[in-house]
Enquirer: 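Okay, handing you the structure first.
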Amino acid sequence: MQFQYLGTAAAEGWPAVFCRCKYCLEAQRLGGKNIRTRSQAIVNDDLLLDLPPDTYMHKLMNNLDLSRVKYLFVTHFHMDHFYPQELTVRGSVYSLEMISPELEIYCAQETYDYFRRCADWEIDEKSDSAMHWHILKPFETVEAGPYRVTPLPANHMNPSHQPFVYHIVDTREDKSIFYMHDSGYYFPEVWDYLKAQKKPADLFSFDTTLGYEDCGFKSTHMGAPEVIRLKEELEALGIVDKHTHCVMNHFSHNGHLLYDELVELAAPHDIEISYDGMKLTL
């Protein structure tokens, strides 16, 4: 099972689009793994996680054939995770000879409604008809080809909107991923789900938007100190073990920690630091 981080930043990117703080200026000066685009990941070559405004850049930088994507799972409709207008140029005269002309899209009802508000006025009928929407409910597992995916309610946004994090299992290899962006400390019912798992995950990807900050699990994002404590809780329950890739991801310039600083902080705890383009074989 192949997993790749395409974008690893929060909404503003890093360096942020219009920012001149010292952390953005230093990231731009250093370049390399300090340059972070908006959050997105891909499983193998056919399951895409989120559709941010940087999707086209991700295609170019990683030499991706996004026409192969059969399944799109959207966590929520914040702009760094879902850019609806991108789908208006998928298919029809805009995208010819695609490997997978049909696209299965999985999301909350509010995300689908947001797509309709943003894109209905410019999407053509042929493109629209090739997209098949599946409205998810918390804890209701869906089958997407060889993948078994369970949407878990994220501690994020306001109560009128349903954000998700995802547990993804590749049934061909019995490999599993917990992709936990964006979310603060998990709800009790999510912990119940985690405790019910029969084997450790192969990848657990942690939200680390707040960087150096420790909010005591009282925010809708997490910082590195919280992730370190959370990993210990998961280890005690057997949800992660020594073979699990534990990765901090989804960073903001407001968290202040550049790539090398994050590595230094996380290494004693056997936690990896994501960067744009990072590939994992699970």
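Note that these values count all heavy atoms, side chains included, but never hydrogens, waters or copies made by symmetry.
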Enquirer: Answer yes if the side chains of Y112 and R116 hold a donor-acceptor pair under 3.5 Å, and no otherwise.
Expert: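 Distance-only check passes for Y112 and R116.
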
Enquirer: With no hydrogens and no angle check, do the side chains of N44 and Y147 hold a donor and an acceptor under 3.5 Å apart?
Expert: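 Per modelled atom types, N44 and Y147 side chains form a pair under 3.5 Å.
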
Enquirer: Applying the ring pair (Phe, Tyr, Trp, His ring centres under 6.0 Å) criterion to H256, which one of Y212, W14, F251 satisfies it?
Expert: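 Testing each of Y212, W14, F251 against H256, the sole residue satisfying ring pair (Phe, Tyr, Trp, His ring centres under 6.0 Å) is Y212.
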
Enquirer: Determine the interplanar angle of the F3 and Y5 rings, folded into 0 to 90°, and report it as parallel if under 30°, tilted if 30 to 60°, perpendicular if over 60°.
Expert: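 Aromatic pair F3/Y5 classed perpendicular.
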
Enquirer: Are T55 and K59 close enough, and set up right, to give a side chain to side chain contact (heavy atoms under 4.5 Å, CB included), and what steps lead you there?
Expert: CA-CA 6 Å; T55 298; K59 167 192 168 73; 5.8 Å; no

Enquirer: Would you check, one step at a time, whether the test side chain to side chain contact (heavy atoms under 4.5 Å, CB included) holds for I271 with I228?
Expert: CA-CA 8 Å; I271 300 176; I228 291 167; 4.1 Å; yes

Enquirer: Under 3.5 Å, is there a donor-acceptor pair between the H250 and S39 side chains?
Expert: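 Short answer, no.
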
Enquirer: Indicate whether the side chain of H78 and that of H156 have a donor and an acceptor atom separated by less than 3.5 Å.
Expert: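 Indeed, the side chains of H78 and H156 share at least one donor-acceptor pair under 3.5 Å.
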
Enquirer: Would you tell me whether D207 and S183 have side-chain atoms, one donor and one acceptor, within less than 3.5 Å of each other?
Expert: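 Not at all, the side chains of D207 and S183 share no donor-acceptor pair under 3.5 Å.
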
Enquirer: Does this structure show an ion pair linking E235 with K231, if we count only N-O contacts that are shorter than 4.0 Å?
Expert: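 Here E235 pairs with K231 in a salt bridge, since their nearest N and O are under 4.0 Å apart.
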
Enquirer: Cation over ring, R38 on Y83, under 6.0 Å and within 45°?
Expert: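 The answer is no; the distance or angle limit is not met.
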
Enquirer: Is there a donor-acceptor contact under 3.5 Å from the side chain of N62 to the main chain of L64?
Expert: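 No.
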
Enquirer: Give the C-alpha distance, both sets of side-chain angles, the deciding distance and a yes or no for side chain to side chain contact (heavy atoms under 4.5 Å, CB included) between M1 and V43.
Expert: CA-CA 7 Å; M1 187 180 189; V43 179; 3.5 Å; yes

Enquirer: To the closest 0.5 Å, what do you measure between CG (L280) and CD (E272)?
Expert: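 It comes to 6.0 Å.
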
Enquirer: Check this for me: does any side-chain nitrogen of one of D124 and K126 sit under 4.0 Å from a carboxylate oxygen of the other?
Expert: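 Salt bridge between D124 and K126, a charged N being under 4.0 Å from a carboxylate O: no.
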
